[in-house]
Amino acid sequence: MGCGRRAWMLKLLLLVVVALAAVEYLFGLRTYLGTPAFNITQSTIETDVRKSQPWFNLPLFIQNTLSQNSTQSMTGQNGTEYVRTPHLLNKIMESLRNLVSEDTTQVNEQSMPVCDEVPPDLGPVTANKTEMELDWVEKKYPEVDSGGFYSPPNCTARHKVAIIVPFRDRHQHLAIFLNHMHPFLMKQQIEYGIFIVEQNDTSAFNRAKLMNIGFVESQKKKPGGWQCFIFHDIDLLPLDSRNLYSCPEQPRHMSASIDKLKFTLPYDGIFGGVSAMTLEQFTKVNGFSNRYWGWGGEDDDMFHRMKKMHYHITRYNMSIAVYTMLDHEESAPNPKRFKLLLETSKTLEKDGLSTLKYDLVHVEQHHLYTHVLANIDERS
Ligand code: NGS
């Protein structure tokens with residue numbers, strides 16, 4: 001349940017409870033005993049509640065009912081002690097208690113200190129590019145939750161980031177990628193999830209459409225949603241942990257300096273490889289185009305979209321935005337890419353998230369990643 005909705009329901013329930021309590025107070029207890037005579041003193045409740053309950057700012061009689069022992073003991077006129085549990089009120093309290101206990105988790109999370117803006121001990125890292133088994137990698141990272149989700153245990157992360165990885169036929173890279181990325185991201189003290197988005201059909205690879213799918217499906221997996229998205233080729237491994245996978249103020253091109261490209265930027269407007277955008281930036285440009293089948297151009301298309309919406313690309317220093325590329329065969333270039341690029345600014349609203357269609361085969365949670373499998377057939 002979303003945070004806003006839960007808070008709204010909580011308020012509504014509280015209102016009902018106040019009304020009911022007033023009714024019970026006026027008609028129930030008074031008729032039954034003559035005078036309400038709760039045995040628990042106000043000061044006891046206040047001390048206990050303030051120490052142990054997160055709802056200490058609620059009215060006292062609600063605190064009392066909310067506390068696990070909501071049965072009220074009272075002394076009757078003849079001195080006998082009665083234990084009376086208001087029936088309807090208790091039923092409502094039960095559901096309210098459930099809601100509050102969900103909220104408690106958040107309160108606890110929020111009561112941790114906020115993680116440092118720049119986490120400690122960042123710097124150059126090495127990459128293990130040798131073939132490895134996924135089973136072996138899985139055993140190395142027990143702190144990662146099923147689905148490839150992680151949040152720092154001792155501080156509240158400043159950024160909630162979905163890592164979206166378009167994928168097909170690169171199983172040899174998957175274990176290497178996960179083995180590198182998990183410790184790299186954990187060190188940055190961000191809350192993250194890794195989504196491997198695989199094209200199931202045999203049409204030409206459509207990297208951009210897979211990233212759109214990853215965006216949509218990852219949001220469904222995160223209560224409250226991810227704040228930003230890092231679109232990440234599986235063959236690129238960052239080599240410096242100062243290259244922060246955080247939410248950028250302007251869209252950020254992360255993989256500026258790649259070993260295979262002799263650590264130089266091929267051209268100013270390049271936005272391929274690894275790039276970061278916030279939820280707002282990505283939705284404002286209507287996501288990626290869905291029309292690029294085969295290699296090349298989809299990242300340049302995104303560059304045009306960003307320009308049209310008055311964003312500009314940012315980058316870290318070339319000595320920090322360093323990546324190593326894993327070996328693989330070259331993919332076939334898309335012959336239509338230059339023609340498509342000429343049309344971008346005219347087609348932005350009609351091509352992207354707003355027109356995204358795909359058949360979802362499954363969304364499966366593996367230990368170190370969430371696997372999104374989809375058919376995106378070119379002819380459909
Ligand atoms: C450009 C491509 C981009 C690609 C970039 C870098 O030519 O999609 O090369 O490729 N644009 C077009 O083809 C229109 S790289 O050297 O990393 O393989 O990202």
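The chain is numbered in sequence order, starting from 1. Remember, it's a predicted structure, so these values are computed and weren't measured experimentally. Order of appearance sets the numbers: ligands from 1, and atoms from 1 within every ligand.
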>> Counting the benzene-type ring for Trp, do F215 and F288 have ring centres under 6.0 Å apart?
In response: no

> Measuring from each atom of ligand 1, which residues have a heavy atom under 4.0 Å away?
Replying inline: L261, Y267, I270, W295, G296, G297, D299, D300, R337, F338, L341

> Which salt bridge (charged side-chain N to carboxylate O under 4.0 Å, His left out) pairs, counting each pair once, include a residue from residues 329-345, with sequence neighbours left out?
Replying inline: R291-E343, K339-E343

> What residue among R168, R170, H371 forms side-chain hydrogen bond (donor to acceptor under 3.5 Å, both in side chains) with E198?
Replying inline: H371

> Got a sec, which pairs hit disulfide bond (SG atoms under 2.5 Å apart) with one end in residues 175-256, sequence neighbours left out?
Replying inline: C228-C247

Side chains of residues 145-153: which donor-acceptor pairs under 3.5 Å do they make with residues two or more places apart or in other chains?
from : atom 1 : to   : atom 2 : distance (Å)
S146 : OG     : Q365 : NE2    : 3.3

>> Counting the benzene-type ring for Trp, do H232 and F167 have ring centres under 6.0 Å apart?
In response: no

